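Below you'll find the structure, written out as structure tokens, and then a few comments.
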Number of protein chains: 2
Amino acid sequence: MSEEGGMIRARATAEMVAQRASVSRVAVSRAFNPHTSLKPEKRELILRIAQELNYTPDRAARALVSGRSHLVGIIVPDVCSHWESQEIDALTTALQAEGFATLLFKTRTDYSMDEKLLSYMRGFNPDSVIAFVENVKPTTLVRFLGRAVPIYVHYPHGGSVDDAQPGPLHDRLNVLQRAGVEQAVALLEGYKVRRIAYVSGIGKSRANTARELMLRTVMAERGLPPPVVAPGDFSYERAFAATLDLFRVGKGADAIFAANDVGAFGVIDALRHELGLRVPEDVKVIGFDDIAQSHWKSYNLTTVKFDLDERVRALVRLILRRLNNPDAPALQETLQTRLVVRGTVG
Amino acid sequence: MSEEGGMIRARATAEMVAQRASVSRVAVSRAFNPHTSLKPEKRELILRIAQELNYTPDRAARALVSGRSHLVGIIVPDVCSHWESQEIDALTTALQAEGFATLLFKTRTDYSMDEKLLSYMRGFNPDSVIAFVENVKPTTLVRFLGRAVPIYVHYPHGGSVDDAQPGPLHDRLNVLQRAGVEQAVALLEGYKVRRIAYVSGIGKSRANTARELMLRTVMAERGLPPPVVAPGDFSYERAFAATLDLFRVGKGADAIFAANDVGAFGVIDALRHELGLRVPEDVKVIGFDDIAQSHWKSYNLTTVKFDLDERVRALVRLILRRLNNPDAPALQETLQTRLVVRGTVG
DNA sequence: GTAAAGAATGAACACGTTTTCAATTTCCGT
DNA sequence: ACGGAAATTGAAAACGTGTTCATTCTTTAC
């Protein structure tokens, strides 16, 4: 309101605060950095005047000298994919609480990534990078971003082989698919289900591989024949089409696992609205992820869940640990899955 | 691979590139900035060597001296809301193409915003800010972020009063709800619908106000009685509950408008799975937004759409114009809506 | 061939911080 | 009151770039 005409009020700088508080510019810097030596009343005075002048330290300048940008880069093919968006949301909240901001970068939707993007991204000097990407090795990222940046390839849908590696080269988040899958197969067995199909995600992706393998393993252990696989790509549309194929070209199934919840929605809609089958009476459906939409009445999906908040907490913990201690040996955290029973089975 | 032990390879700097190319450091800077005077073959050489050394200019340093961070701040209550996530996705793509990166900040889910967040955000020196927030005036943002930062309050769901303002104080994106609503009401009239209800969004929000008002206006113009309003908050859950109320406590309706598509999903599920009514035979449903999920077979929603790509293009255009010419008079762009007819009517 | 105009070049400065380091002040135990 | 340790302080250096400005080299017009 007190602005005049086209005048642009310049941002306050530490110098101005110092002058007004009759202290040195260094003192202002110290006032904003904890664990520095500054007389309490002086710090208080400076912070008060800073607030009056609406001053906060410039992160760019701070980054330049301290080497910490307080930016965390997130590489993602599709922000609006359900799983990814919920993950990004939780991550942003958690990181913001720790004084970091998330920097968003989009890559191709086929979960691949190009070197141009990495160079582009490096210019922003992120303190850490989380890549929701498949088909990329951590070493590739390291080469382009430099070893100083802790990197987390956060496979979509928490995909990873089931075992914790003995001596991991990079920090890892392991998801143990077994528990949830065992519960799911046990539940199906209770309903005397015989023919089980699997509508896959993108074939080569870690999440898909891990889930299909675990399903196959658990079924074999229980003496069931291996599942029929219908190829999908984690999308509603492909899962829809795959289900039609399964019943029109193939021999159908009594129960269908989908590689993710959105895929399961496609399966359900194909069964009900195109094939005229009832879920769960005629065909039972189980998904993976437990996204927020899975409890919507139209789907009410039974699904294998791994806890989002726990996952994000673990990831943030890994990042902070690594930033505080860059040379520590590689860490890994492990997460459990469990079955959430809703209406599409039973 | 060529790394040795714990050695951290430092990021290449302009100085290193200059040395290796036998030019001055200034020349390196010029090589990366178009419209600067530099012999073409020299620029080529520098860029080649830069690529070899995997060098890109440090954005923090660049921002410090040029005053341009190439960051665009986005303030959003919920990244995983369908509308917002699709908007963020498209914005990130468009901005990335222009050399900007999007910086994500989360605020409270009631679409409000606090001053602490604004101060926090200002520290990152965004070149521009887009706030997906209600209940906040541009002037408040200006006070905390400084007039140098172009600000766009991008009301969720494109909410805005229907008219273009004659002399706007800030850049604006206007959405003309009328066309789509007229088509929707006309379609319903064709089915001899008599009792129309409106499941609202958050009461005070611009989007909700604009949509309810336009619906009311168009119905009045056609001699229809005003719609019954059931209070929602843009969420599936509240729309679900509001619909139950409408039929159990209230007198029901022949057609229901929902303030947004996700709300419409809640309406549909309440009607079908809790009230045992058929859509569209017993009750017709129309949403607003046309999000990606609206064509899923379980909902197959008829809805009032305004084009996402067009919207994002307009917004980015506004931002770039403003950055190139900070003192230009306020600009406004206008978008049209139209009805997308699917299965929930007819 | 010459003068004028324009392009190319690099030294020095500026940006707003944090960090280092040496100097000063305060505190504590006797 | 005194010595030593600890806390407090500010000057100066550093971070990696873009920008300004005066200088040198090249081109153009006659």
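All chains are named by letter (A, B, ...) in the order of the sequence lines, taking the proteins before the strands, and each is independently numbered beginning at 1. Small disclaimer: the values here were computed from a predicted structure and weren't measured.
Remark: the A:Arg62 side chain and the A:Ser29 side chain contain no N/O donor-acceptor pair separated by less than 3.5 Å.
If you measure from atom CD of A:Glu15 to atom C1' of C:dT17, you get 11 Å, rounded to the nearest angstrom. Taking atom CG on A:Asp58 and atom P on D:dG16, their separation rounds to 16 Å, with Å as the unit. In this structure, the NE2 atom of B:His35 is 16 Å from the C1' atom of D:dT19, given to the nearest Å. Put simply, CG on B:Leu64 is 8 Å from C1' on D:dT17, counting in whole angstrom units. Put simply, CZ on A:Arg62 is 15 Å from C1' on D:dC15, counting in whole angstrom units. Separating the NE2 atom of A:His70 from the P atom of C:dT18 is a distance of 10 Å, rounded to the nearest angstrom. Going from atom CG of A:Leu45 over to atom P of D:dT8 covers 16 Å, rounded to whole Å. Remark: C1' of D:dA7 and CD of A:Glu41 are 13 Å apart, rounded to the nearest angstrom.
When heavy atoms are screened at a 4.0 angstrom cut-off, A:Thr13 is found touching the sugar-phosphate backbone but no base atom. Residue A:Phe32 is out of contact with every strand shown, counting any heavy-atom pair closer than 4.0 Å.
With hydrogens and angles ignored, the 3.5 Å screen pairs a side-chain donor or acceptor of B:Arg11 with a backbone N or O of B:Thr56. In this structure, A:Arg68 contributes its side chain and A:Leu323 its backbone to a donor-acceptor pair below 3.5 Å.
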Which protein N or O atoms sit under 3.5 Å from an N or O of nucleotides 9-13 of chain C?
unit_1	atom_1	unit_2	atom_2	d
C:dT9	OP1	B:Lys42	NZ	2.9
C:dT9	OP2	B:Lys39	N	3.2
C:dT9	O5'	B:Lys42	NZ	3.4
C:dG10	OP2	B:Ser24	OG	3.2
C:dG10	N7	B:Arg30	NH2	2.6
C:dG10	O6	B:Arg30	NH2	3.1

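To the nearest 0.5 Å, the span separating CZ on A:Phe105 from OG1 on B:Thr102 amounts to 7.5 Å. Rounding to the nearest 0.5 angstrom, the gap separating the CZ atom in B:Arg322 from the OH atom in B:Tyr152 is 6.0 Å. In this structure, A:Arg20 CZ and A:Leu53 CG are separated by 4.5 Å, a value rounded to the nearest 0.5 Å.
Using a 4.0 Å cut-off, no side-chain N or O of A:Ser29 falls inside it from OP1 or OP2 of C:dT17.
Each of C:dC15, C:dT17, D:dT8 was ranked by its minimum atom distance to the side chain of A:Tyr55; first place goes to C:dT17. Here D:dT19 is the nucleotide among C:dT17, D:dT19, C:dC15 with the atom lying nearest to any side-chain atom of B:Ser66.
With salt bridges taken as basic N to acidic carboxylate O contacts below 4.0 Å, one links A:Glu333 and A:Arg321.
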